[in-house]
Amino acid sequence: MKIFTTRTDLQQYLASLNSKTIGFVPTMGALHSGHLSLIAQAKQNNDLVVCSIFVNPTQFNDPKDLERYPRPIEADIDKLTTATCDVLFNPPVTEVYDDNEQWHLNIGQLEFLLEGEFRPGHYQGVTQVVYKLLTIVKPTTLYLGQKDYQQFMVVSRMVDLLNLPVKMVMSPIEREPEGLAMSSRNIHLSADDRLHALVLSRTLNWAKENFGSKAIFELEQEAMERLQTEPSVTPEYFELADGKTLLPANENSQTIVALTAAKVGKTRLIDNMIIK
Ligand SMILES: Nc1ncnc2c1ncn2[C@@H]1O[C@H](COP(=O)(O)OP(=O)(O)OP(=O)(O)O)[C@@H](O)[C@H]1O
Ligand SMILES: CC(C)(CO)[C@@H](O)C(=O)[O-]
Ligand code: BAL
C-alpha cells in the first residue's frame with residue numbers, strides 16, 4: 001500500500017496511474033470491520049481504492065471528544081495492508097486547511113435535525129472536509145456507511161447541490177455478534193457500558209418488530225422509555241424519520257428509518273435501522 005501525507009504527492013501518484021475507476025473510503029481511523037467492509041466493497045468495484053484517515057477538527061462540536069478520539073495509526077496501516085487497500089491518504093491538519101479557512105453550505109433542514117440538533121456545526125464540518133477530500137482524490141465512487149445515515153443524506157445533498165461528479169454508495173452497518181454497531185468510539189466503553197449499550201440495537205429491533213402496531217409517536221415514546229431503563233444510558237433522541245428527507249415519518253413515507261443517539265457513560269453512540 002502507498003501512503004501519502006501531502007495532497008501534491010497523492011495527486012501526482014494518482015495521475016501517473018490513470019485508473020479508470022477510483023473508489024474512495026474516507027475515515028477518521030481507529031479502523032474496525034465496518035470500515036473494512038467499505039474497503040472490500042470498494043475493492044470489488046474499482047480499479048483502485050483510496051482510503052483517507054483524517055480526524056477532522058472542524059466537525060467536532062465537543063473539544064473533549066476530539067482530544068480523546070483514538071488514533072492508532074500503526075494498527076490502522078496494518079489493517080489496510082491486510083485488506084489490500086491500494087492507497088492511504090493520511091494528511092496533517094495543515095495539509096487540508098489554510099489558516100482561518102471559511103466554509104458554509106446551505107443544506108437546509110438536514111443540517112439541524114437529529115445529529116445536527118445535538119452536534120451544532122457538525123455537518124458544516126463534515127461537508128467542508130468531504131468536499132476538500134473529493135476535490136483532492138477525484139474518485140468515481142464515494143463509499144459511506146449506513147451507520148452515519150444522516151451524514152450520507154447530507155453528503156448526497158452536497159453532491160447534488162454542487163453537481164459533483166461522484167457516485168455514492170451506502171454500505172450496511174456491521175455489528176458485533178450481540179448487536180452493538182461497530183464504532184471507533186466503542187473503545188471507550190467499559191465492559192459494563194458495552195452490555196448496557198446493547199439497549200440501542202435491541203430497541204431499534206423492537207421498533208421494527210412493532211411498527212404498525214401503534215402510532216409512530218407512541219412507538220418513539222416507548223422506545224425512549226426502554227432506552228432509559230438501562231443504567232448509564234442517557235438517550236438523546238429516538239425518531240422514526242422519512243428515509244429520504246429525515247423529517248418525521250408519516251403515512252406517505254416510502255422508506256422509514258429509526259435513528260437514535262445516546263450517551264453510554266461518557267461515550268456518545270449513534271445507531272439506526274431501516275424499519276420500512
Ligand atoms: N459499523 C459500521 N458499519 C459500516 N460502516 C461503518 C460502521 N461504522 C462506521 N462506518 C462508516 O465508516 C466511515 C468512517 O467512519 P468513522 O471513521 O467516523 O468511524 P466510526 O466508527 O463511525 O467512528 P465513530 O462512530 O466514532 O464516529 C463512515 O462512512 C461510517 O459511516
Ligand atoms: C466522512 C468523514 C470521514 C469526514 O470526516 C467522517 O465524518 C466519518 O468518518 O464518518
Ligand atoms: N462517524 C461520524 C464522524 C463523527 O462522529 O464525527
Side-chain angles (χ1 to χ4, degrees), residues 23-42 50-73 76 79-80 83 85 88-91 93 96-97 103 114-116 118-134 136-137 139 141-156 158-159 166 168-189 197 200-201 204 236 259-264 266-273:
F24 178 42
V25 181
T27 80
M28 300 207 301
L31 303 178
H32 49 66
S33 303
H35 299 117
L36 299 178
S37 71
L38 270 69
I39 303 274
Q41 210 179 351
V50 179
C51 172
S52 63
I53 295 183
F54 179 62
V55 183
N56 172 37
T58 69
Q59 71 188 69
F60 282 82
N61 54 304
D62 174 359
K64 282 206 191 87
D65 188 24
L66 171 60
E67 199 182 306
R68 72 183 201 137
Y69 202 85
R71 291 166 170 86
I73 189 66
D76 284 351
K79 287 178 189 167
L80 289 175
C85 177
L88 168 63
F89 183 44
N90 179 214
V93 175
V96 177
Y97 295 120
W103 170 267
L114 303 163
E115 283 299 280
F118 286 89
R119 298 187 65 183
H122 174 59
Y123 288 121
Q124 287 303 327
V126 168
T127 51
Q128 179 181 31
V129 76
V130 174
Y131 177 78
K132 285 241 152 173
L133 293 169
L134 288 176
I136 296 169
V137 179
T141 307
L142 171 65
Y143 293 84
L144 293 174
Q146 185 198 320
K147 216 301 274 331
D148 298 274
Y149 192 95
Q150 188 173 3
Q151 169 169 277
F152 187 92
M153 305 306 288
V154 163
V155 174
S156 301
M158 173 175 77
V159 164
V166 67
M168 293 199 40
V169 170
M170 186 196 273
S171 212
I173 304 177
E174 293 289 316
R175 296 180 179 280
E176 301 290 353
E178 310 77 28
L180 179 65
M182 289 183 181
S183 159
S184 308
R185 290 184 177 91
N186 290 351
I187 209 164
H188 297 312
L189 299 171
L200 271 73
S201 54
L204 288 165
E236 289 184 347
L259 302 112
T260 188
K263 282 241 175 76
V264 181
K266 286 196 181 123
T267 306
R268 187 174 182 279
L269 300 179
I270 58 171
D271 198 354
N272 68 79
M273 196 167 282

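Start at 1 and go down the list; that is how both ligands and their atoms are numbered. It should be emphasised that the depicted structure is a prediction, and the values quoted were computed from it without experimental measurement. Positions are given from 1, in the same order as the sequence printed here.
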Please confirm whether the backbone N or O of [Y] pairs with a side-chain atom of [X], one donor and one acceptor, at under 3.5 Å?
{"X": "Asn56", "Y": "Gly125", "result": "yes"}
{"X": "Lys147", "Y": "Ala181", "result": "no"}
{"X": "Ser184", "Y": "Gly29", "result": "yes"}
{"X": "Asp76", "Y": "Leu31", "result": "yes"}
{"X": "His32", "Y": "Asn186", "result": "no"}
{"X": "Asn272", "Y": "Gln146", "result": "yes"}
{"X": "Asn90", "Y": "Ile53", "result": "yes"}

Protein contact of [atom] - nearest heavy atom, named by residue and atom, plus distance:
{"atom": "atom 30 (C) of ligand 1", "answer": "Asp148 OD2, 3.1 Å"}
{"atom": "atom 5 (N) of ligand 1", "answer": "Leu38 CD1, 3.4 Å"}
{"atom": "atom 9 (O) of ligand 2", "answer": "Met28 CG, 3.6 Å"}
{"atom": "atom 27 (O) of ligand 1", "answer": "Arg185 NH1, 2.6 Å"}
{"atom": "atom 25 (O) of ligand 1", "answer": "Ser183 OG, 2.6 Å"}
{"atom": "atom 2 (C) of ligand 3", "answer": "Asp148 OD1, 3.1 Å"}
{"atom": "atom 6 (O) of ligand 3", "answer": "Gln59 NE2, 2.9 Å"}
{"atom": "atom 10 (N) of ligand 1", "answer": "Lys147 CB, 4.2 Å"}

Ligand-residue contact atoms, ligand 1 with [X], heavy atoms, under 4.0 Å:
{"X": "Met28", "result": "17 (O)"}
{"X": "Met182", "result": "1 (N), 2 (C), 7 (C), 8 (N)"}
{"X": "Leu144", "result": "29 (O)"}
{"X": "Gly145", "result": "5 (N), 11 (C), 28 (C), 29 (O), 30 (C), 31 (O)"}
{"X": "Pro172", "result": "3 (N), 4 (C)"}

For this session: Just jot down the ligand 2 atoms closer than 4.0 angstrom to any heavy atom of Val129, in number order.
Result: 4 (C), 5 (O)
Seminar exercise, completed: Pro26 heavy atoms within 4.0 Å reach ligand 2 at atoms 3 (C)
Which distance, rounded to the nearest 0.5 Å, do you find between the [atom1] of [X] and the [atom2] of [Y]?
{"X": "Lys79", "Y": "Leu36", "atom1": "NZ", "atom2": "CG", "result": "7.0 Å"}
{"X": "Leu269", "Y": "Thr267", "atom1": "CG", "atom2": "OG1", "result": "6.5 Å"}
{"X": "Ser52", "Y": "Met28", "atom1": "OG", "atom2": "CE", "result": "10.5 Å"}
{"X": "Thr27", "Y": "Leu88", "atom1": "OG1", "atom2": "CG", "result": "8.0 Å"}

Any N/O of [X] closer than 3.5 Å to an N/O of ligand 1?
{"X": "Glu174", "value": "yes"}
{"X": "Pro26", "value": "no"}
{"X": "Tyr143", "value": "no"}
{"X": "Ser37", "value": "no"}

With heavy atoms under 4.0 Å as the rule, classify the contact between [X] and ligand 1 as side chain, backbone, both or neither.
{"X": "Ala30", "result": "neither"}
{"X": "Arg175", "result": "neither"}
{"X": "Ile270", "result": "neither"}
{"X": "His35", "result": "side chain"}

Problem set entry | Any N or O of Gln151 closer than 3.5 Å to N or O of ligand 2 | yes
Exercise. Do Gln59 and ligand 2 have an N or O pair less than 3.5 Å apart?
Worked result: yes
For this session: Show the numbers, then the answer: is there a side-chain contact (heavy atoms from CB on, under 4.5 Å) between Thr58 and Trp103?
Result: CA-CA 10 Å; Thr58 69; Trp103 170 267; over 6 Å; no
For this session: For Tyr131, look at atom OH and say whether over 12 heavy atoms of other residues, nucleotides or ligands are found less than 6.0 Å away.
Result: no
Problem set entry | Met273 and its side-chain contact (heavy atoms from CB on, under 4.5 Å) partner, picked from Leu259, Ile173, Leu204 | Leu204
Exercise. What are the atoms of ligand 3, with element, lying closer than 4.0 Å to any heavy atom of Met28?
Worked result: 3 (C), 4 (C), 6 (O)
Exercise. Which atoms of ligand 3 have any heavy atom of Arg185 under 4.0 Å away?
Worked result: 4 (C), 5 (O), 6 (O)
For this session: May I ask you to say whether Glu115 pairs ionically with Arg268, meaning some side-chain N is under 4.0 Å from a carboxylate O?
Result: yes
Exercise. So is Tyr69 close enough to ligand 1, meaning a heavy atom under 4.0 angstrom away?
Worked result: yes
Exercise. Mind checking whether Phe54 and Tyr97 have parallel, tilted or perpendicular rings, split at 30° and 60°?
Worked result: tilted
Problem set entry | Side chain, backbone, both or neither: Thr27 near ligand 2, heavy atoms under 4.0 Å | backbone
Exercise. What do the steps show when you test Leu144 against Val130 for side-chain contact (heavy atoms from CB on, under 4.5 Å), and what is the final call?
Worked result: CA-CA 11 Å; Leu144 293 174; Val130 174; 5.8 Å; no
Problem set entry | Between Ser33 and Glu174: side-chain donor-acceptor atoms closer than 3.5 Å | no
For this session: For atom 4 (C) of ligand 3, state which one of Arg119, Gln150, Gln151 supplies the nearest heavy atom.
Result: Arg119
Exercise. Does His122 approach ligand 3 within less than 4.0 angstrom via side chain, backbone, both or neither, non-hydrogen atoms only?
Worked result: side chain
